[in-house]
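For reference, the structure discussed in these notes is given below.
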Amino acid sequence: MNHHTGRVDNQSSSRFSKRLRVLHVIQFFDVGGLERMVHAVTTGALTHGVDSTVVAYLSNGSYREAFDAAGIETQYIPSSGELQLGVSKALFRVLRSGRFDVVNTHHVGPFLYTFAPAMLNGVPQVQTEHSREMFDIPRFRLLGRTMDLFATVVSVSDEISQFRHQRFGRASRVIPNGVFVPPSKNAEKRAAARRMLSIEENDFVVGCTARLAPEKDLGTLIRGFAGLYHTAPHAKLVIIG
């Protein structure tokens with residue numbers, strides 16, 4: 001563990017004889033893909049000797065209740081959404097408590113507010129990159145180039161890692177994003193949902209839930225489905241956004 005740069009080396013895990021304590025910093029407590037992933041990671045980690053606290057600063061949304069119900073500690077730092085030193089000051093106080101062994105930031109904004117407090121408190125940092133569109137904003141490009149100086153950068157897909165290599169000359173470790181698939185829903189609810197969408201019982205349905213935004217690349221999904229539809233006209237595509 002290199003406290004000077006905040007990076008995590010390969011021998012770090014062997015130095016912890018007690019439960020690992022991780023601080024996750026996100027923007028929103030609203031329902032979203034990133035938030036669901038952090039919820040899955042923190043709840044799953046409980047059985048692997050890892051205790052987590054999740055901090056958000058842009059929205060104290062309803063999904064916070066899901067963390068609380070799972071026994072994950074949460075904190076909310078009020079913020080207007082503009083660049084605020086108050087968020088960094090609050091995170092500095094949280095990390096100064098000495099409770100945390102690692103801080104894991106998700107997205108560029110949390111990294112911006114956290115890297116200095118983590119470095120000043122000697123807490124190693126992991127930065128998880130979930131997307132690439134934020135680096136189209138000029139002021140974030142400098143952060144993209146310098147992240148590796150302060151944190152171990154992890155990407156959730158090969159595509160994001162390759163983008164970092166092309167844009168910044170720095171690839172990153174890849175830990176593929178995963179989504180827990182719940183058991184099949186009640187048959188009556190499934191049938192009711194199909195009736196509402198005018199879908200026949202034997203139709204093959206492809207479903208997608210995502211923000212209707214360019215970075216979700218729904219065009220590729222639609223073009224790919226068009227190829228399926230030509231050979232399987234009983235197929236249906238349902239997009240919810």
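All figures in this text were calculated on a predicted structure; none of them were measured in a lab.
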A side-chain contact here means heavy atoms from C-beta on lying under 4.5 Å apart; do [X] and [Y] qualify?
{"X": "L237", "Y": "L221", "result": "yes"}
{"X": "P110", "Y": "Q27", "result": "yes"}
{"X": "S155", "Y": "Q162", "result": "no"}
{"X": "L95", "Y": "L120", "result": "no"}
{"X": "I175", "Y": "T128", "result": "no"}
{"X": "D51", "Y": "L20", "result": "no"}
{"X": "R99", "Y": "T53", "result": "yes"}

Is there a side-chain hydrogen bond (donor to acceptor under 3.5 Å, both in side chains) between Q125 and T105 once you walk through the steps? CA-CA 7 Å; Q125 181 174 357; T105 46; 2.9 Å; yes
Distance-only, no hydrogens or angles: does the [X] side chain make a donor-acceptor pair with backbone N or O of [Y] under 3.5 Å?
{"X": "R132", "Y": "R164", "result": "no"}
{"X": "Y113", "Y": "Q84", "result": "yes"}
{"X": "R167", "Y": "R141", "result": "no"}
{"X": "T231", "Y": "L228", "result": "yes"}
{"X": "R96", "Y": "N121", "result": "no"}
{"X": "S161", "Y": "S172", "result": "yes"}

CG-CD1 distance between N60 and I77, expressed to the nearest 0.5 angstrom: 11.5 Å
How many angstroms lie between atom CZ of F29 and atom CG of D68, to the nearest 0.5 angstrom? 7.5 Å
Could you label the plane-to-plane angle of the F115 and F150 rings as parallel, tilted or perpendicular, counting under 30° as parallel and over 60° as perpendicular? tilted
Below 30° counts as parallel, above 60° as perpendicular, anything between as tilted: where do the rings of F67 and H39 land? perpendicular
For D101, is there an ion pair with R21 - N to carboxylate O distance below 4.0 angstrom? yes
Quick test of your reading of the model: are K236 and E200 salt-bridged, counting only N-O distances below 4.0 Å? no
[X], [Y]: one ILVMFWY side-chain cluster at the under-4.5 Å cut-off?
{"X": "V102", "Y": "L46", "answer": "no"}
{"X": "M119", "Y": "M147", "answer": "yes"}
{"X": "F225", "Y": "L212", "answer": "yes"}
{"X": "V154", "Y": "V174", "answer": "no"}
{"X": "V38", "Y": "V94", "answer": "no"}

Show your reasoning for whether side chain to side chain contact (heavy atoms under 4.5 Å, CB included) applies to H234 and N202. CA-CA 8 Å; H234 65 289; N202 294 325; over 6 Å; no
